[in-house]
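Notes follow once the structure below has been shown.
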Amino acid sequence: MEIRFMVRSLAAVAVSAAFAAPALADTVQLNSWTFGGPSSVSVGTPNYSGGAGKFSGFLNGNAFETFCAELTQVFNPGVTYTDYSVVGGSTAWGSPTSTALDRVLSFVASAPGTWLHNADTSAAVQSAVWEVLNETSGSYGFTTGSFKASSSGTTQTALTALNNSLWGSLANQAITVHADKLFSKDHQDFLVITAVPEPETYAMLLAGLGIVGAVGRRRRSASA
């Protein structure tokens with residue numbers, strides 16, 4: 001069965017996956033909707049109407065959860081793909097969009113019990129990811145600009161709540177998580193989301209693992 005996904009995540013991939021040595025391909029297998037369902041949304045432009053939410057699977061053999069980063073390609077659940085590579089967020093989307101996406105995910109991560117705890121809130125967060133990646137008007141919101149998102153019932157309630165709380169505070173949101181792009185030329189793109197440690201902790205972590213140079217080489221070599 002082929003499903004057109006609209007998904008990606010707030011869970012950090014294990015360090016061994018996120019900071020692996022340079023490679024030409026990453027292995028991806030997505031298997032299930034993290035919160036069941038899924039709940040449905042209608043969005044445009046680009047246009048899509050159907051299931052949306054966080055998805056669970058494996059990246060290089062490590063369990064991870066993810067949201068999708070595009071609306072124009074498809075992905076088959078349960079299939080293992082070996083044609084993915086991680087592209088740095090600023091390289092993939094440009095620095096302003098990458099920063100806005102990090103702030104959206106950090107806002108959600110600051111209160112996951114409020115913003116990401118069931119199929120409806122999962123669909124709302126996915127819609128926010130699409131909003132940032134597709135909006136061209138210069139300002140964000142589910143009911144204004146070039147990209148809009150809507151639903152019905154409890155899913156619309158979740159969309160409205162996130163819409164009313166998120167965008168007005170986005171500019172002041174501290175960044176605690178960062179999203180990179182899990183890119184495939186032929187299949188759905190996804191997010192790789194990792195925690196943003198304090199600078200000292202980050203340096204100690206990389207030095208302890210002996211991969212400071214590897215991370216730099218991976219970022220420089222990855223491109224869409």
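Sequence positions, counted from 1, serve as the residue numbers for this chain.
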> Minimum heavy-atom separation for Ala124 to Leu159, with atom names?
Replying inline: CA-CD2, 3.8 Å
> Mind checking what makes side chain to side chain donor-acceptor pair (under 3.5 Å) contact with Asn134, not counting sequence neighbours?
Replying inline: none
> Phe58 and Val79: same hydrophobic cluster, using ILVMFWY side-chain contacts below 4.5 Å?
Replying inline: no
> For the atom pair OG (Ser106) and CG (Leu101), what is the distance rounded to the nearest 0.5 Å?
Replying inline: 9.0 Å
>> Less than 4.5 Å apart, side chain to side chain, heavy atoms only: is that true for Tyr48 and Thr72?
In response: no
> Could you go step by step and tell me if Ser56 and Thr34 meet the side chain to side chain donor-acceptor pair (under 3.5 Å) rule?
Replying inline: CA-CA 5 Å; Ser56 297; Thr34 303; 2.6 Å; yes
> How many angstroms lie between atom OG of Ser98 and atom CZ of Arg103, to the nearest 0.5 angstrom?
Replying inline: 10.5 Å
> Can you tell me how far the OG atom of Ser165 sits from the CG atom of Leu170, to the nearest 0.5 Å?
Replying inline: 12.5 Å
>> Under the criterion side chain to side chain contact (heavy atoms under 4.5 Å, CB included), I'd like the reasoning laid out for Asn47 against Thr45: C-alpha separation, chi angles, the key distance, then a yes or no.
In response: CA-CA 5 Å; Asn47 297 321; Thr45 307; 4.1 Å; yes
> Would you say Glu135's side chain and Phe147's backbone share a donor-acceptor pair under 3.5 angstrom?
Replying inline: yes
> Distance-only, no hydrogens or angles: does the Glu70 side chain make a donor-acceptor pair with backbone N or O of Asp189 under 3.5 Å?
Replying inline: yes
>> Holding to side chain to side chain donor-acceptor pair (under 3.5 Å), I want the full list of residues that pass it with Thr136, two or more places apart in sequence or in another chain.
In response: Ser146
>> My understanding is that only residues two or more places apart in sequence, or in another chain, count here; which of them pass side chain to side chain donor-acceptor pair (under 3.5 Å) with Ser42?
In response: Ser49
> Between Thr121 and Asn118, is any side-chain donor less than 3.5 angstrom from a side-chain acceptor?
Replying inline: yes
>> As an exercise, state the distance from CG of Asn164 to CG of Leu162, rounded to the nearest 0.5 Å.
In response: 9.0 Å
> Distance-only, no hydrogens or angles: does the Glu131 side chain make a donor-acceptor pair with backbone N or O of Gly141 under 3.5 Å?
Replying inline: yes
> Would you say the side chain of His117 lies within less than 4.5 Å of the side chain of Pro112, judging by non-hydrogen atoms?
Replying inline: no
> Among all residues two or more places apart in sequence or in another chain, which pass the side-chain contact (heavy atoms from CB on, under 4.5 Å) test with Ser40?
Replying inline: none
> Got a sec, which residues hit ring pair (Phe, Tyr, Trp, His ring centres under 6.0 Å) with Tyr81, two or more places apart in sequence or on another chain?
Replying inline: Phe75, His187
> Is there a donor in the side chain of Ser184 and an acceptor in the side chain of Gln188, or the other way round, less than 3.5 Å apart?
Replying inline: no
> What are the two closest heavy atoms between Val177 and Val196, and how far apart are they?
Replying inline: C-CG2, 3.6 Å
>> Looking at every non-hydrogen atom in both residues, tell me the closest pair between Asp120 and Ser39 and how far apart they are.
In response: OD1-OG, 2.6 Å
> Taking all atoms of both residues into account, what is the closest heavy-atom pair of Leu166 and Ala128, and its distance?
Replying inline: CD2-CB, 4.0 Å
>> I need the Asn31 CG to Phe55 CZ distance, nearest 0.5 Å.
In response: 6.5 Å
>> Ignoring hydrogens, what is the shortest heavy-atom contact between Asp102 and Ala179? Give both atom names and the distance.
In response: OD1-N, 2.9 Å
> How many angstroms lie between atom CZ of Phe64 and atom CG of Leu59, to the nearest 0.5 angstrom?
Replying inline: 5.0 Å
>> Checking Trp115 now: which residues fulfil ring pair (Phe, Tyr, Trp, His ring centres under 6.0 Å) with it, not counting sequence neighbours?
In response: Phe107
>> To check you understand the geometry: which heavy-atom pair defines the closest contact between Gly53 and Ser122, and what is its length?
In response: CA-OG, 3.2 Å
